[in-house]
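Residue numbers begin at 1 in each chain, while the letters A, B, ... track the order of the sequences. Worth saying up front: this structure is predicted, and the values here are computed from it rather than measured.
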Amino acid sequence: MEPLQLTAEQSPLLFLELLYKLRVRDVMAKDLVTIARSATMRDLKRLMQERKVSGVPVVENKRLYGIVSIEDLIQALEKNRMDAPVSEFMAPNAVTVEENMPLSIVMSYFNKYDYRRFPVLNASNEPVGIITARSINSRLLMELFRELARIENQYVLPVDDNATCYFKTYRIQKADFDNAGKASTEIKNVLRDRGIAAKTIRRVAIAAYELEINLAVHSDGGTLTFRADEDEIQIVSKDQGPGIADVSLAMKEGWTTANEWVKAMGFGAGMGLPNAKRVADEFHIASALGVGTNVTARFILPKAVPTPPASLPTAAVPGA
Amino acid sequence: MKLSELLQAVEAEVLWSDPAHDATDVANVISSDLMSDVLMMDAEQPLLLSSLVSDQSLRTANVVGAVALVVANGKIPPPNMVELAQELGITLARTEMAKFEASVALGKALGR
Ligand SMILES: Nc1ncnc2c1ncn2[C@@H]1O[C@H](COP(=O)(O)OP(=O)(O)OP(=O)(O)O)[C@@H](O)[C@H]1O
Ligand SMILES: [Mg+2]
C-alpha cells in the first residue's frame, strides 16, 4: 500500500482532531475471524472464502499466536502443502495495536510496517478485533460526513446586534422516510416563535414540506435551507442529482415519476412543485440531468404597519 | 361542531388527545390519502381523515394546521406515531369505519 501522507503540518485541524479523538476500538472490525494453530491451510482457504477476509489472526484460548494471510496461503498452494498446519505458515510475531491507542498512531503503523492489517489486543492482551485500511476508511468517512453535516448545520449567518436573521441548513437523506418532514416541522416552530402570521407560516410550511419530501423521494439527498429575515423568508432546496429532464413538465399538475413505493406513502400526486409555487410569492426552479436541482421559494413579509386607532371600523373579511 | 362530537360520529378510538382540543370547533374535514392534495386545501383548522398510517400523514396534518388526524379502515397506528402526535400536539384517533363510510358520517354530522 502507498504510504499515507498525513503530517501534522499539512492536515486540517479538524481532521487531526479526529485522528486523535478516535480510538482503535472505535474503528476496528469486531467480528473477529480466527483460526487455531492446528487447523490446516486448506481449512484456512475455506475460512477466507467464506468470511471474505484476506488475513486471519491465529488464536487459541484468547491468546494470539500469530497471523496468517493470503500470501501465506499462496505459498502453501505453490508448495502443495495445503494439509500442513497453519502454525507452519503463520507469521508468529504479529505486530499488534492496543484498543485504546488513538487512530493517529495506527496510521503511522501503516506507514512504518508493510502490513495491511493489525490484530487489536485489549489490556489483558486478548485479541478483540482487527484493524484494516478498509475499516479505517469507512469509519473516517462516516465521521467526516457527520462533522461536515454538523458544520453545515451550525452555520448561522453573522448578523448585526439586532440579530433578527435566522438561517439554518438541514441535510435531507435519500429515501429517509422516518426523518423526512422533521426540518419543516422545526421551521414551522421557529416561525411561530418569531411571531409570524399563521397564514404565512402555513404557506412557508407547505413549500418547505413539499421540497423536503421531494429531496427525500426524488433526489440522491440534498439540503434544505431556511432563512428568515425581517422582511422576507426563503426556503432553498439543493441537491446534486439526479436532476429533472424537463422542468416545465415537472411543474405541471399531476406530472410525476413517483414509484409505487412513494405512492403507498401518500405522495406522488404530481402536485408538490405546483403547490410550492402557488403558496410562494416568488418561485424559481433550475435543474439539469446529472447535475442536480435547485428550488427557491420566497415569501415577502408585510411591513409592520402601525395598528389603526380603535375608533376606525374594520371591514369584515370573509373566511378570516 | 366540537371535535369530540365529530370523533363520536365515527365511533373513533382516541389514541392521544390534547384535552384542550375536545371543545375546539371544527368546521372542515379533509378526507384524502394524497398528502399533496391535502396540502392544496385551504381549510382552517381541519380534521384530517386518511387511511394512511405513517408519520407523514401527521406531519402533513401539522403543516396544514389540522387539529386531529383520524385513521380509517380499522388500521392501527404504531406507538411511535402516537408519540409524534403528542409532540406535534395533534389529536390522533382511529376508526373501524372505511374511509368513505367515515367521510359520509362526518359530512352528516356537519350537516353537509
Ligand atoms: N429534487 C428533485 N430531484 C429530482 N427530481 C425531482 C425533484 N423534485 C421533483 N422532481 C421531479 O418532478 C416531479 C414532480 O414533482 P412534484 O413534487 O410536483 O410531484 P411528486 O413529488 O411526483 O408528487 P407529490 O409532490 O404530489 O407527492 C417528480 O415526480 C420528479 O420526477
Ligand atoms: Mg413532490
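- Residues of residues 228-245 of chain A having a heavy atom under 4.5 Å from any heavy atom of chain B: none.
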(message) Show, in sequence, the C-alpha distance, side-chain angles and deciding distance for B:Met35 and A:Ile213, and conclude whether the side chain to side chain contact (heavy atoms under 4.5 Å, CB included) test is met.
(response) CA-CA 10 Å; B:Met35 295 305 128; A:Ile213 295 291; over 6 Å; no
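- Heavy atoms of B:Ala43 lying under 4.5 Å from chain A belong exclusively to its backbone.
- Summarising the geometry, atom OG1 belonging to A:Thr185 is positioned 9.5 Å from atom CG belonging to B:Asp55; distances are rounded to the nearest 0.5 Å.
- The environment of NZ in B:Lys2 is sparse: at most 12 heavy-atom neighbours from other residues, nucleotides or ligands sit within 6.0 Å.
- Of the atoms belonging to B:Thr60, heavy atoms from both backbone and side chain fall under 4.5 Å from chain A.
- Between chain A and the options B:Val64, B:Val63, B:Asp37, heavy-atom pairs under 4.5 Å are most frequent for B:Val63.
- For residues 174-184 of chain A, the interface with chain B (any heavy-atom pair closer than 4.5 Å) comprises A:Phe177, A:Asp178, A:Ala180, A:Gly181, A:Lys182, sorted by residue number.
- In this structure, no portion of B:Asn80 lies under 4.5 Å from any heavy atom of chain A.
- By the ring-ring contact (aromatic ring centres under 6.0 Å, His included) test, A:Phe299 is found to be paired with no residue, residues two or more places apart in sequence or in another chain being considered.
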(request) Walk me through it: do B:Arg59 and A:Glu212 pass the test side chain to side chain contact (heavy atoms under 4.5 Å, CB included)? (result) CA-CA 12 Å; B:Arg59 295 207 182 271; A:Glu212 185 178 2; over 6 Å; no
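- The contact list for residues 256-278 of chain A toward chain B, using heavy atoms and a distance under 4.5 Å, reads A:Ala264, A:Met265, A:Gly266, A:Phe267, A:Ala269, A:Met271, A:Gly272, A:Asn275, A:Arg278 by residue number.
- Of the atoms belonging to B:Leu88, it is side-chain heavy atoms, and not backbone ones, that fall under 4.5 Å from chain A.
- Rounding to the nearest 0.5 angstrom, the gap separating the CD atom in B:Glu44 from the CZ atom in A:Arg202 is 7.0 Å.
- If you measure heavy-atom distances from B:Leu52 to chain A, the contacts under 4.5 Å come from the side chain alone.
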